[in-house]
Visitor: 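Shown below is the structure under consideration.
Computed from heavy atoms alone, side chains included, the values below leave out hydrogens, waters and symmetry copies. What you are looking at is a predicted structure, and each value in this text was computed from that prediction instead of being measured.
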Amino acid sequence: MTETPPNSLETGKAAKPAKPAKQEDSFPVFLLKLAVIVVVFRSFFFSPFNIPSESMLPRLMNGDYLLASKWSYGFSRYSLPFSVPLLPEHRLLASTPERGDVVIFKQPPLNDVDYIKRVIGLPGDHVQMKEGVLWLNGAPVPKVKIADFELPVSANTRCVSPQFEAKDADNNDVCRYPRYRETLPGGRSYEVLDLGTRPQDDTIEFIVPEGHLFLMGDNRDNSEDSRFEAVPGQGIGMVPMDNLVGRARIMMFSTDGGSSWFKPWTWFTAARWNRIGGTF
């Protein structure tokens, strides 16, 4: 008679207990994790910014939305949403911008809103405007007249004054502004607008203090920038580098202001598609 071999479960190694089923996160926990990821991404990688004025024409228009890199110049409390004081006021991993960079920054105690301007003067630089020409360290910055800039009139765009009202080739209403190309030392160039003789075309000579920047808008006659004292509604003065939030990188979206939440098709008709994707 043949013997039946012993049961392997009895004589062999005891079987491992079954793993408990993985418990899925609740919806509130999922939302909390998602919020943390968004905050980290916006604080240390990229963050969106919208352009609410025309001080950076012709490069930036009212209604543009761009992405800014947050790591470019280091991190401080101003890198965080609402400037919550979880980081020091002085930047960590700090680096100095280059002349010509388009930067986003804050300027307390004026307010806690985001500004956007172009870097013109670095620490130690001498900056002055003479008869509408930018002078940097005792030498004029080359300024060459190019074709006028035509800005379409739209829901969020009106001409500064009637003298600039015009028609384009298709008989559409536009604002036609005198446009120039400036070239900084080192070869960095960009376009600016000059609307004629204005008081801010002639300034004193500014010496940029250590740890600060001299910032200007490309729309030279319609920009409250470092040419003016840091007074609400007048200017920003010299801006501490610790106040930097990020560097403009890419145009994410642009609208002429003619859209309505209640008319979804206008989200597409109001978009300025030709501006999306541009880099800085």
Visitor: Within the 4.5 Å heavy-atom criterion, are V144 and E182 side-chain neighbours or not?
Guide: no
Visitor: For a 4.5 angstrom cut-off between non-hydrogen side-chain atoms, does E165 reach C175?
Guide: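 No; the side chains remain at least 4.5 Å from each other.
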Visitor: Can you name the nearest heavy-atom pair linking G217 to D225, along with the distance?
Guide: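 Of all heavy-atom pairs spanning G217 and D225, the closest is N-OD2, 3.2 Å.
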Visitor: Does either side chain, that of R91 or that of S76, offer a donor lying less than 3.5 Å from an acceptor on the other one?
Guide: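 No donor-acceptor contact under 3.5 Å links the two side chains.
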Visitor: What is the minimum heavy-atom distance between E224 and I236, and which atoms define it?
Guide: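 Heavy atoms only, the tightest pair is O-CG2, 3.9 Å.
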Visitor: With the side chain counted from C-beta on, respond yes when V192 and N219 share a heavy-atom pair under 4.5 Å apart, and no when they do not.
Guide: no
Visitor: Checking R249 against S69: is there a side-chain donor and acceptor pair closer than 3.5 Å?
Guide: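 A pair is found: one side chain offers a donor N or O, the other an acceptor, under 3.5 Å apart.
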Visitor: Between K167 and D173, is there a side-chain N and carboxylate O pair less than 4.0 Å apart?
Guide: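 D173 and K167: salt-bridged.
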Visitor: What I want to find out is whether D194 reaches K143 closely enough, with some N-O distance under 4.0 Å, to be called a salt bridge.
Guide: yes
Visitor: Restricting to non-hydrogen atoms, name the atom on P108 and the atom on N243 that form the minimum distance, rounded to 0.1 Å.
Guide: CD-ND2, 3.7 Å
Visitor: I need the minimum non-hydrogen distance between V119 and L184, along with the two atoms involved.
Guide: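 Here V119 and L184 meet closest at O-CD1, 4.4 Å.
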Visitor: Name the orientation class of the two ring planes belonging to F206 and F214 (parallel below 30°, tilted from 30 to 60°, perpendicular beyond 60°).
Guide: tilted
Visitor: Which heavy atom of W135 sits nearest to which heavy atom of V133, and what is that distance?
Guide: CD1-O, 3.3 Å
Visitor: Start with the C-alpha gap between D201 and D221, add the side-chain angles, then the distance that decides, and say whether side-chain contact (heavy atoms from CB on, under 4.5 Å) holds.
Guide: CA-CA 8 Å; D201 288 343; D221 296 323; 3.3 Å; yes
Visitor: Students often mix this up, so state it plainly: with edges at 30° and 60°, are the rings of W267 and W261 parallel, tilted or perpendicular?
Guide: perpendicular
Visitor: Return yes if a side-chain donor-acceptor contact under 3.5 Å exists between Y180 and E191, otherwise no.
Guide: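 Short answer, no.
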Visitor: For W71 and F46, take the angle between the two ring planes, folded into 0 to 90°, and tell me which bin it lands in: parallel under 30, tilted 30 to 60, perpendicular over 60.
Guide: perpendicular
Visitor: Tell me the closest heavy-atom pair linking P178 and F164, and the distance in Å.
Guide: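 That closest heavy-atom pairing would be CD-CE2, 3.9 Å.
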